[in-house]
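Shown next, in C-alpha cells, is the structure this report addresses.
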Amino acid sequence: MTMWDGILVASIICVALKALGYLVPARWLDAPRPARISDLLTVALLSALVAVQTLGSGQAIVLDARLPAVLVAAVLLLLRAPFLVVVAAAAVTAALLRLWGWAA
C-alpha cells in the first residue's frame with residue numbers, strides 16, 4: 001500500500017463518518033450527556049495537540065524554546081490580552097531564547 005492509497009482510504013473513511021453523522025437522530029444529540037461529552041472531547045483533543053506540538057520532536061520529548069513560548073501565551077491569555085499580543089509575545093519569546101542559544 002502506497003502513501004497515496006492510505007490517504008485515499010483515510011479520506012473515504014472521513015467522508016463516510018461525516019455522512020453517518022447526518023443519520024444520527026437529533027434527539028440523541030440534544031441530550032445533555034452527548035453535548036457534555038462533545039464539549040469535553042474538543043478540549044481534550046486541542047490540549048493533546050498543543051502538548052504534542054510543544055513537547056514532541058519525532059518520538060522524543062524535547063524541552064526547547066517552544067515550551068516557554070507556550071507558557072507566556074498561556075499567562076497572557078489568562079490575563080485576557082488580545083490574541084495578536086499573545087501570538088506576538090510568544091513568537092518574540094521563542095525567537096529571543098533561540099537567539100541567545102538557551103533553547104535551540
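As the structure is a prediction and not an experimental result, all values here were calculated from the model.
- Chaining together hydrophobic side chains whose heavy atoms lie under 4.5 Å apart places Ile12 alongside Leu8.
- The hydrophobic cluster containing Leu77 also includes Val72, Leu76, Val86, under a criterion of side-chain heavy atoms closer than 4.5 Å among ILVMFWY residues, counted directly or through chains of members.
- In terms of the side-chain contact (heavy atoms from CB on, under 4.5 Å) criterion, residue partners of Leu55 (sequence neighbours excluded) are, by chain and number, Ile61, Leu63, Leu67.
- In terms of the side-chain contact (heavy atoms from CB on, under 4.5 Å) criterion, residue partners of Ile13 (sequence neighbours excluded) are, by chain and number, Val9, Leu17.
- In terms of heavy-atom proximity, Ala65 sits nearest to Ala94 at CB-O, 3.7 Å.
- A donor-acceptor pair is defined here as one N or O able to donate and one able to accept, closer than 3.5 Å; no such pair exists between the side chain of Arg98 and the backbone of Asp64.
- Partners of Leu84 by side-chain contact (heavy atoms from CB on, under 4.5 Å), not counting sequence neighbours: none found.
- For Asp39, the side-chain contact (heavy atoms from CB on, under 4.5 Å) criterion is met by no residue, not counting sequence neighbours.
- Under the rule for a side chain to side chain donor-acceptor pair (under 3.5 Å), Ser38 has no partner lying at least two apart in sequence or in another chain.
- Other members of the cluster containing Val87 are Phe83, with ILVMFWY side chains joined at under 4.5 Å, either directly or via other members.
- Counting only residues at least two apart or on different chains, no side chain to side chain donor-acceptor pair (under 3.5 Å) pair has a member in residues 84-95.
- Asp30 is linked by a side chain to side chain donor-acceptor pair (under 3.5 Å) to nothing, counting only residues two or more places apart in sequence or in another chain.
- Pairs engaging residues 45-60 under the side chain to side chain donor-acceptor pair (under 3.5 Å) rule: none recorded [sequence neighbours left out].
- Leu45 belongs to a hydrophobic cluster with Leu41, counting contacts under 4.5 Å between side-chain heavy atoms of Ile, Leu, Val, Met, Phe, Trp and Tyr, direct or through other members.
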